[in-house]
Amino acid sequence: QVALLESGGGLVQPGGSLRLSCAASGRNFSDYAMGWFRQALGKERGFVAALNWKGSLTTYADSVKGRFTISRDNAKNTGYLQMNSPNAEDTAVYYCAEGASLSLTARGYEIGSWGQGTQVTVSS
């Protein structure tokens, strides 16, 4: 099993930018798809973005499409979520996940590991 650790969360102003990182340790991170999910206070955890093992295919939730970018550096065993032009509705705890494939990960199925989460607060 792979262990995931998110970092980079914090307070960001609306319209600013923030980059989240997800460091993986354990079994080979590059063999698996990865995804980002988020959970706002009082809401269920929901899908944000997912990426295949190679980093060549991506999929996004409609709410973040065109603003957020998911990427990975397999040589560093690290995944990223670049958040541009965030707004108050993006405030949430963000979790990274490792999954069997892009399509399964995007639907939250067959998730092998979850990180502990990092808080992102968008406020002026």
Side-chain angles (χ1 to χ4, degrees):
Q1 190 173 11
V2 64
L4 303 173
L5 182 64
E6 302 94 337
S7 61
L11 177 65
V12 59
Q13 291 189 342
S17 63
L18 195 67
R19 189 176 79 160
L20 306 183
S21 298
C22 174
S25 60
R27 67 180 180 186
N28 200 359
F29 175 67
S30 62
D31 287 344
Y32 300 91
M34 69 162 291
W36 288 93
F37 295 76
R38 66 187 181 186
Q39 186 169 18
L41 196 62
K43 296 186 177 180
E44 293 187 355
R45 185 158 55 188
F47 169 71
V48 175
L51 181 69
N52 70 336
W53 68 273
K54 196 175 180 180
S56 57
L57 296 174
T58 59
T59 186
Y60 296 91
D62 288 344
S63 59
V64 307
K65 204 171 292 183
R67 300 187 298 120
F68 291 8
T69 302
I70 187 172
S71 63
R72 66 193 299 164
D73 185 339
N74 287 338
K76 296 182 178 179
N77 284 341
T78 303
Y80 305 97
L81 184 70
Q82 178 69 41
M83 303 172 61
N84 294 334
S85 300
N87 54 55
E89 288 68 41
D90 296 317
T91 294
V93 178
Y94 283 72
Y95 299 88
C96 68
E98 165 237 6
S101 71
L102 173 66
S103 59
L104 290 172
T105 300
R107 288 178 283 170
Y109 296 159
E110 296 189 23
I111 299 296
S113 297
W114 292 96
Q116 87 292 344
T118 186
Q119 175 71 46
V120 173
T121 302
V122 184
S123 176
S124 56

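Along the sequence shown, residues carry numbers from 1.
Heavy atoms only, all atoms of each residue included: A92 and A40 are closest at CB-N, 3.8 Å. Shown here for R67 and P86, the closest heavy-atom pair between the two residues is NH1-CA, 3.5 Å. Residues S30 and N28 approach most closely at OG-OD1, 3.0 Å, considering heavy atoms. When every heavy atom of A100 is checked against every heavy atom of T105, the shortest pair comes out as N-OG1, 3.9 Å. Scanning both residues, K76 and T78, for their nearest heavy atoms gives O-OG1, 2.8 Å. When all heavy atoms of R38 and S63 are compared, the closest pair comes out as NH2-OG, 3.4 Å.
Annotation: side chain of N74 is in contact with side chain of F29 (closest heavy-atom distance under 4.5 Å). Proximity of Y60 to T69: side-chain heavy atoms (C-beta onward) are separated by under 4.5 Å at one or more points. Between V120 and M83 the shortest side-chain heavy-atom distance falls below 4.5 Å. Taking 4.5 Å as the limit, every side-chain heavy atom of V2 sits out of range of all side-chain heavy atoms of Y32. Annotation: side chain of E6 is in contact with side chain of Q116 (closest heavy-atom distance under 4.5 Å). Proximity of L11 to S123: side-chain heavy atoms (C-beta onward) are separated by under 4.5 Å at one or more points.
With L20 as reference, W36 is the one residue of F68, Y95, W36 to meet the side chain to side chain contact (heavy atoms under 4.5 Å, CB included) rule.
Taking hydrophobic clusters as Ile, Leu, Val, Met, Phe, Trp and Tyr residues chained together by side-chain heavy-atom distances below 4.5 Å, F47 shares a cluster with I111. Under the 4.5 Å side-chain heavy-atom criterion for grouping Ile, Leu, Val, Met, Phe, Trp and Tyr, L51 is connected to V48 within one hydrophobic cluster. Side-chain heavy atoms closer than 4.5 Å link hydrophobic residues (I, L, V, M, F, W, Y) into clusters, and following such links, even through other members, never connects V93 to I70.
Interatomic distance, S101 OG to R107 CZ, rounded to the nearest 0.5 Å: 7.5 Å. For the atom pair L18 CG and D90 CG, the distance stands at 10.5 Å (nearest 0.5 Å). Within the model, atoms CZ of R72 and SG of C22 stand 9.0 Å from one another, a figure rounded to the nearest 0.5 Å. The CG atom of L5 sits 10.0 Å away from the OG atom of S21 when rounded to the nearest 0.5 Å.
Summarising the local packing, NZ of K43 is surrounded by 12 or fewer heavy atoms from other residues, nucleotides or ligands at distances under 6.0 Å. Heavy atoms from other residues, nucleotides or ligands lying under 6.0 Å from CD of Q39 number more than 12.
Not one N or O on the side chain of S56 forms a donor-acceptor pair closer than 3.5 Å with the backbone of K54. Within the 3.5 Å criterion, the main-chain N or O of V122 finds a donor-acceptor partner in the side chain of T91.
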